[in-house]
Amino acid sequence: MSTFLPKPEHKFTFGLWTVGSTGRDPFGSPVREPKTPAELVYLLGEVGAYGVNFHDNDLIPIDATFAEEELIKKDFRKALAETGLVVPMATTNLFGDPIFKDGAFTSNDPKVRAYALQKTMRAIDLGVEFGARIYVFWGGREGTETDSSKNAVDSIKRTREAINFFCEYALDNHYNLKFALEAKPNEPRGDIYNPTTGHMLAFIETLDHPEMVGVNPEVAHEHMAGINFMHGVAQAWEAGKLFHIDLNDQYPGRYDQDLRFGSRDIKAAFYLVKFLEDVGYDAPRHFDAHAFRTEDYEGVKDFARGCMRTYLMLKEKAQQFNSDQEIQSILAEINAVDSELTPYFGKYTKEKANSIKEIPFDRASIANRGLKYEKLDQLTINLLLGYR
Ligand code: GLT
Ligand code: MN
Ligand code: MN
């Protein structure tokens with residue numbers, strides 16, 4: 001039996017904004033004293049995380065002086081060295097400051113769009129300085145409350161222009177950096193452009209350097225829209241675009257909850273972990289979630305440990321699923337190969353098309369076959385609940 005202890009090879013990471021959340025919400029003030037970035041690194045070191053991510057302003061407050069900035073960086077660097085944590089990913093806060101109230105890259109105001117370019121280039125420099133290889137774009141304010149305000153096509157074009165600009169910026173500076181676009185359907189805006197991972201995947205193909213850009217899907221963001229998260233992740237993976245992942249949980253139809261990974265929909269979390277492990281996903285596993293507002297920092301550690309432990313427990317369950325003889329024999333039966341039909345599949349030829357047209361199918365007998373999915377699903381439940 002595994003001890004489920006996190007190890008560096010699991011690549012478990014947390015954003016400074018996750019364990020650093022002070023519990024402020026739209027209805028209430030903070031419930032925890034803020035911690036410095038260095039203190040948060042020590043906290044993450046204590047719970048066994050591999051890495052830490054940041055927005056420019058999680059590390060350096062937006063109004064910091066040069067001297068303040070240097071001091072924060074020094075303490076942060078020391079904490080990284082002492083804990084062994086790395087910084088695999090960085091991002092820009094393009095949503096918190098009032099200047100971004102109508103978006104950053106999609107703002108109607110050229111001054112705001114230019115400031116967003118400036119802020120992002122500086123944030124990219126900062127991320128690269130700390131070793132980040134993945135740079136995330138989450139356009140929290142890139143949307144509308146009223147569609148009389150912005151042209152949706154212009155907004156897509158403006159976003160494209162900005163991402164193209166940053167790809168060239170990274171190339172020009174010889175940065176070893178890839179970009180990952182993170183979709184969300186709404187909140188904080190009424191509606192956000194490119195609302196799902198699928199939209200992002202289509203958008204990426206229209207860029208000047210699609211090879212530099214992938215996605216950062218987040219469980220909660222797709223669950224908010226009622227979408228099967230694993231299916232979107234699989235599509236991204238199959239397209240070679242799963243550069244990063246944000247793990248958390250969320251009840252559909254509610255406000256943005258950012259729950260501890262696997263705490264709401266264990267079955268969905270299981271299929272996700274099984275997918276990531278089966279295909280050999282090797283990028284960071286980032287927990288983009290928050291501890292309940294009821295917690296002190298001991299509770300925050302419980303939350304962080306819980307995210308990682310649940311992932312590892314589900315990973316063990318996935319191995320159990322893969323080696324369960326009854327489950328595997330049902331799967332083998334479902335996926336049985338019919339060698340007589342094999343020649344008909346694959347690439348089109350005229351002969352193939354003509355011969356497929358001639359096959360006599362006994363629709364009723366094919367349709368009569370039971371597929372044993374009830375049994376399979378219950379075996380999965382038995383396994384997840386520990387009765388197998
Ligand atoms: C914010 C958001 C997350 C994004 C972060 C990156 S910030 O917390 O809810 O989903 O990944 O900008
Ligand atoms: Mn996220
Ligand atoms: Mn989120």
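Counting starts at 1 for both ligands and their atoms, following the listed order.
Under a 4.0 Å criterion applied to the non-hydrogen atoms of H221, ligand 1 contributes the atoms 10 (O). Within ligand 1, the atoms closer than 4.0 Å to a non-hydrogen atom of H55 are 5 (C), 6 (C), 7 (S), 12 (O), numbered from 1 in the order shown.
For atom 1 (C) of ligand 1, the closest non-hydrogen atom on the protein side is W138 CZ3, 3.7 Å. In this structure, atom 3 (C) of ligand 1 lies nearest to the protein heavy atom D288 OD2, 2.9 Å.
If you look at F100 and Y115, their ring centroids are closer than 6.0 Å. In this structure, the ring of Y135 has its center no less than 6.0 angstrom from the ring center of Y175. Proximity of the aromatic rings of F303 and F292 is defined here by a centroid distance below 6.0 angstrom, and this criterion is not met.
Atom OE2 is the N/O/S atom of E182 found closest to the Mn ion (ligand 2). Looking at D246 and the Mn ion (ligand 2) together, the shortest N, O or S contact belongs to OD2. When you scan the N, O or S atoms of D288 for the one nearest the Mn ion (ligand 2), you land on OD2. The Mn ion (ligand 3) lies closest to atom OE2 when only the N/O/S atoms of E218 are considered. The atom name of the N/O/S atom in H221 closest to the Mn ion (ligand 3) is NE2.
Nearest-heavy-atom check against atom 11 (O) of ligand 1 across E187, H286, E182 picks out E182.
Between K184 and D256 a salt bridge is recorded (basic side-chain N to carboxylate O distance below 4.0 Å). With respect to R260 and D302, no salt bridge is recorded, no charged nitrogen being found less than 4.0 Å from a carboxylate O. Comment: K301 engages E298 in a salt bridge, judged by a side-chain N to carboxylate O separation of less than 4.0 angstrom.
For the pair R309 and F4, the cation-pi criterion (under 6.0 Å, within 45° of the ring axis) is not fulfilled.
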Task: Working for side chain to side chain donor-acceptor pair (under 3.5 Å), residues Q257 and D249 - done: CA-CA 7 Å; Q257 294 176 302; D249 219 340; over 6 Å; no
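With H286 as the partner, the ring pair (Phe, Tyr, Trp, His ring centres under 6.0 Å) test is satisfied by one option alone out of F261, W17, F14: W17.
Residue contacts with ligand 1: D246 is included, with a non-hydrogen atom under 4.0 Å away.
When only interatomic distances are considered, the shortest N/O to N/O separation between N216 and ligand 1 does not fall below 3.5 Å. Taking only nitrogen or oxygen atoms, main chain and side chain alike, E218 reaches within less than 3.5 Å of ligand 1.
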